[in-house]
Amino acid sequence: MSSPRPAFTLHTSFSPLLSLYDTFLLDQFGVIHNGSQSLHGAADCIRSMLRQNKRMAILSNTSSPASSASKRLTRYGLHEDMFAGGLVSSGEECARFVREQYCRGCLDDDTDNGAGGSGGGSGGKRRAMKALWFTWRESESQNPMQFLSYCEGSDGHEDAVDDNNLVGIDVAKTVDEADFILLHGSEVWRRCRESIIPGDGDNDMLVQDLSFLYNEDFSTLDPILEAAAARNLPCVCANPDLVVGLPGGVVGNMPGKIAQRYENMGGSVRHFGKPNPRHFNACLENLGFALDEDADAKSIRKVAHVGDSLEHDVAGANRAGIDSVFVLGGIHANELGLTPTGCGERDGFVILEDDNDSDVPDGTSGISKNELIVKLQSMFDEKGIWPTHVVPSLSL
């Protein structure tokens with residue numbers, strides 16, 4: 001006899017959840033914004049929760065350090081002071097790991113391929129370890145050099161390692177000279193630390209487009225990854241997401257896909273961020289929750305994580321032992337035949353209590369609740385991941 005299917009509750013808006021939970025951990029992309037603009041209703045919903053004394057934190061798989069991501073909240077009509085638990089990012093955790101494991105350097109004759117920088121030889125001069133660096137292009141929202149400096153602690157961050165052996169990181173120009181892979185972004189292979197002047201032929205040679213972010217084309221990446229796997233280079237991945245919804249309905253392919261490809265070649269990858277329970281626990285600790293064996297389980301029951309990825313948000317919340325709210329208008333919308341949440345005055349779709357479409361506003365699609373439940377049950381069964389609640393978007 002098969003085990004009963006886990007139950008979930010489908011809501012037509014976020015409003016009913018406000019009476020069920022005191023604390024919300026919020027995903028960013030696909031829930032609050034699309035990387036450019038605030039999504040429908042999200043900022044108003046957050047302000048409403050703040051007025052009702054709900055405690056919030058942002059839990060994100062962005063590869064940016066938390067401080068950088070927090071400063072960008074003003075673009076979306078929000079401020080970091082609204083979030084009692086601050087912003088916890090996978091990029092922050094990755095940078096801390098790189099700082100502790102790779103910034104101490106290695107000995108000149110070390111042949112351990114960067115496995116912690118402990119040094120396999122003796123009597124050699126200590127040198128900076130070299131990263132095979134996949135990252136983003138420099139833009140208003142992306143600052144690769146700032147991330148590298150953050151890894152090294154050279155920006156004066158309070159978490160910098162107090163160690164005289166810190167020697168920083170060099171950027172490898174070839175796979176053969178690399179000690180490890182720093183998978184920060186999925187747009188370019190950057191082979192220098194210097195600032196890049198667009199259009200300069202010499203500089204352009206040092207920042208190679210991977211043709212992957214928008215095309216999922218592995219033809220440039222595969223030879224690089226195969227050579228790295230042959231050398232057993234360890235990889236650290238700052239953003240484990242596979243895809244992200246970008247403005248205009250564009251789907252972006254993320255570092256997690258590259259990490260997955262490298263693992264399939266036999267490479268070793270250290271992932272940071274959701275769905276790892278460590279990521280959730282860091283957020284809960286920021287909010288003052290005790291997570292030891294004597295912790296009050298009732299208080300955790302009043303916490304819910306809100307996200308649009310089944311594999312990262314919902315699966316991670318399940319592993320962390322907290323309830324989850326699955327947002328339909330994010331990265332799985334197209335898979336369900338729904339219109340993704342946009343930045344306009346209305347949701348991309350409405351959930352109808354019956355098949356009567358007379359209640360559907362102009363410019364919006366409608367789907368009956370029963371039809372949607374059948375689609376959701378099929379998706380959750382196929383993926384083996386079930387949320388606690390399902391909503392169209394973060395809107396009341």
Side-chain angles (χ1 to χ4, degrees), residues 9 11 13-33 38-39 41-62 64-93 158 273-309 312-314 316-327 330 387-391 393-396:
T9 304
H11 306 275
S13 77
F14 198 81
S15 297
L17 299 174
L18 299 184
S19 63
L20 300 178
Y21 299 99
D22 297 327
T23 303
F24 292 94
L25 314 183
L26 305 176
D27 182 29
Q28 280 200 106
F29 279 81
V31 174
I32 297 175
H33 61 79
S38 177
L39 294 175
D44 288 340
C45 182
I46 289 170
R47 285 191 284 266
S48 178
M49 288 195 284
L50 196 62
R51 289 193 295 270
Q52 297 179 51
N53 297 316
K54 303 300 179 183
R55 301 176 73 240
M56 294 173 284
I58 294 178
L59 183 60
S60 175
N61 275 357
T62 177
S64 297
S67 57
S68 300
S70 294
K71 290 174 183 175
R72 293 198 291 265
L73 290 173
T74 54
R75 297 182 189 175
Y76 316 117
L78 304 171
H79 191 274
E80 57 187 307
D81 291 345
M82 293 177 168
F83 304 93
L87 189 152
V88 174
S89 76
S90 55
E92 177 94 13
E93 295 182 357
E158 61 183 9
K274 299 171 286 188
N276 195 308
R278 281 197 317 268
H279 204 44
F280 290 81
N281 290 343
C283 212
L284 292 170
E285 288 171 352
N286 282 357
L287 286 160
F289 286 93
L291 301 177
D292 54 30
E293 293 180 358
D294 297 326
D296 183 1
K298 290 184 179 179
S299 64
I300 300 297
R301 290 195 202 111
K302 300 289 283 184
V303 178
H305 174 57
V306 184
D308 69 324
S309 168
H312 295 97
D313 295 301
V314 176
N318 291 346
R319 290 172 61 185
I322 62 175
D323 286 356
S324 59
V325 182
F326 176 47
V327 174
T388 316
H389 302 278
V390 179
V391 297
S393 63
L394 186 64
S395 59
L396 301 175

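For clarity, every value in this text was computed on a predicted model and none was experimentally measured. When reading the values below, keep in mind they use all heavy atoms of this one structure, side chains included, and skip hydrogens, waters and symmetry mates.
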Flag side-chain contact, heavy atom, 4.5 Å: Ile58 against Ile32: yes
For Arg72, side chain to side chain donor-acceptor pair (under 3.5 Å) partners two or more places apart: Ser64
Ser70 (side chain) donor-acceptor with Ser67 (main chain) under 3.5 angstrom: no
Contacts table for residues 78-85: side-chain donor-acceptor under 3.5 angstrom, sequence neighbours left out:
unit_1 : atom_1 : unit_2 : atom_2 : d
His79  : ND1    : Asp81  : N      : 3.0

Residues that Asp27 engages under salt bridge (Lys or Arg N to Asp or Glu O under 4.0 Å), provided they are two or more places apart: Lys274
Closest contact, heavy atoms only, Gly273 versus Ser90: CA-CB, 3.5 Å
Contacts of Asp44 that satisfy side chain to side chain donor-acceptor pair (under 3.5 Å) - sequence neighbours left out: Arg47
Nearest-0.5 Å distance that lies between atom CG in Asp323 and atom CG in Asn318: 9.0 Å
Ile46 vs Phe24 side-chain heavy atoms within contact, under 4.5 Å: no
Residue pair Phe14 / Ser393: nearest heavy atoms and the distance that separates them: CB-O, 4.0 Å
Any side-chain heavy-atom pair of Leu73 and Gln28 under 4.5 Å: yes
Note, Leu396 side chain near Ser48 side chain (heavy atom, < 4.5 Å): yes
Validation row: Val306, Leu17 side chains within 4.5 angstrom (heavy atoms): no
Side chain to side chain, Asp313 and His305, heavy atoms closer than 4.5 Å: yes
Those residues that, when tested against Ser89, pass side chain to side chain contact (heavy atoms under 4.5 Å, CB included) (two or more places apart): Thr62, Ala66, Leu87, Glu92
Sequence neighbours excluded, every pair satisfying side-chain hydrogen bond (donor to acceptor under 3.5 Å, both in side chains) that has a member inside residues 277-291: Glu93-His279
Minimal non-hydrogen separation, Leu25 against Ile322, with atom names: CD1-CD1, 3.8 Å
Partners passing side chain to side chain contact (heavy atoms under 4.5 Å, CB included) against Ala42 (at least two apart in sequence or in another chain): Ser38, Leu394
Lys54 (side chain) donor-acceptor with Leu18 (main chain) under 3.5 angstrom: yes
Partners meeting ring pair (Phe, Tyr, Trp, His ring centres under 6.0 Å) with Tyr76 (sequence neighbours left out): His33
Ring geometry between His11 and His389 (parallel below 30°, tilted from 30 to 60°, perpendicular above 60°): tilted
Partners passing side chain to side chain donor-acceptor pair (under 3.5 Å) against Asn61 (at least two apart in sequence or in another chain): Asp241
Close side-chain approach of Val391 and Val327, heavy atoms under 4.5 Å: yes
Arg75: side chain to side chain donor-acceptor pair (under 3.5 Å) partners, not counting sequence neighbours: none
Shortest non-hydrogen contact from Asp308 toward Phe29: OD1-O, 3.4 Å
